[in-house]
Amino acid sequence: MYWTRAKSKTGAVAEVTATDPLVVLDLSTTGLLKLGVSTDAARAKEHREGRKLSEVVYGSFAVDGLLYSSRLTAAACVAVYDRAAGLKLAASPAVELVRQTDLVRALQSLGVSIRAGR
């Protein structure tokens, strides 16, 4: 799922699908070590090192994005660069979060509420 605040004060969600295979740099296991990059680039609470690494990768390699592990859940995450988004991804129309009943129920089960922005 993709989250955005585009036209909605409470946010919106859309389903994003890859229409062609993505070429990603795998930083989820030993990728950072093989590159000689600090693991802070993918696992630190502060995002500065990760942004620097991403800028270097973006400017130096013909990849569509980065594969990394969530620092909170260890789930696989993909950051797709803009150059691939329009060519290799398709998205469903965005739906306001408050209209996504399954998501609202899931958030409520976690004690998370949605409210309009100020």
Side-chain angles (χ1 to χ4, degrees):
M1 293 293 230
Y2 173 78
W3 181 81
T4 179
R5 289 186 63 100
K7 295 180 181 176
S8 168
K9 290 184 179 188
T10 58
V13 63
E15 184 174 356
V16 177
T17 306
T19 56
D20 286 314
L22 295 170
V23 177
V24 295
L25 180 60
D26 187 351
L27 303 175
S28 63
T29 56
T30 60
L32 291 170
L33 294 173
K34 289 178 182 177
L35 291 171
V37 176
S38 167
T39 56
D40 282 350
R43 296 182 182 91
K45 187 175 184 178
E46 168 63 47
H47 298 274
R48 186 174 351 123
E49 293 300 317
R51 288 183 184 137
K52 285 182 194 175
L53 174 62
S54 184
E55 287 176 14
V56 171
V57 169
Y58 184 92
S60 303
F61 302 99
V63 297
D64 298 322
L66 303 173
L67 174 66
Y68 62 97
S69 297
S70 165
R71 75 174 182 85
L72 299 175
T73 66
C77 300
V78 178
V80 179
Y81 293 135
D82 58 349
R83 61 181 170 220
L87 300 173
K88 295 185 175 183
L89 299 179
S92 66
V95 176
E96 288 185 332
L97 285 175
V98 294
R99 297 183 188 276
Q100 197 72 10
T101 56
D102 291 340
L103 179 59
V104 171
R105 276 195 295 272
L107 291 173
Q108 287 172 340
S109 75
L110 297 170
V112 176
S113 61
I114 300 172
R115 62 186 174 126
R118 295 176 199 195

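Nothing here was measured: the structure is a model prediction, and the numbers come from that model.
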Item to check | Asp82: partners by salt bridge (Lys or Arg N to Asp or Glu O under 4.0 Å), with sequence neighbours left out | outcome: none

Checklist entry - Does Ser54 reach the main-chain N or O of Arg51 with its side chain, forming a donor-acceptor pair under 3.5 Å? => result no

Next on the checklist: Arg105: which residues meet the side chain to side chain donor-acceptor pair (under 3.5 Å) condition with it, sequence neighbours left out?
Outcome noted: Asp102

Checklist entry - So do the side chains of Thr19 and Leu89 get within less than 4.5 Å of each other, counting heavy atoms only? => result no

Checklist entry - Who are the side chain to side chain contact (heavy atoms under 4.5 Å, CB included) partners of Val95, not counting sequence neighbours? => result Arg99, Gln100

Checklist entry - How close do Ala14 and Ala94 get, heavy atom to heavy atom, and via which atoms? => result CB-CA, 4.0 Å

Checklist entry - Between Asp64 and Val80, is there a donor-acceptor pair closer than 3.5 Å when you use the side chain of the first and the backbone of the second? => result no

Checklist entry - Partners of Thr73 by side chain to side chain contact (heavy atoms under 4.5 Å, CB included), sequence neighbours excluded? => result Ser70, Ala75

Item to check | Which residues share a side chain to side chain donor-acceptor pair (under 3.5 Å) with Asp26, sequence neighbours left out | outcome: Ser28

Checklist entry - Heavy atoms, side chains only, cut-off 4.5 Å: are Arg83 and Val63 in contact? => result yes

Checklist outcome for this item: Residue pairs meeting ring-ring contact (aromatic ring centres under 6.0 Å, His included), one or both in residues 81-107, sequence neighbours left out, come to Tyr58-Tyr81

Checklist entry - Can you list the steps and then say if Glu55 with Lys52 is a salt bridge (Lys or Arg N to Asp or Glu O under 4.0 Å)? => result CA-CA 5 Å; Glu55 287 176 14; Lys52 285 182 194 175; over 6 Å; no

Item to check | Separation of Leu87 CG from Leu22 CG (nearest 0.5 Å) | outcome: 10.5 Å

Item to check | Donor-acceptor pair, side chain of Ser92 and main chain of Glu15, under 3.5 angstrom | outcome: yes

Checklist entry - To the nearest 0.5 Å, what is the distance between SG (Cys77) and CG (Leu66)? => result 11.0 Å

Checklist entry - Is there side-chain contact between Val78 and Val24, with at least one heavy-atom pair below 4.5 Å? => result yes

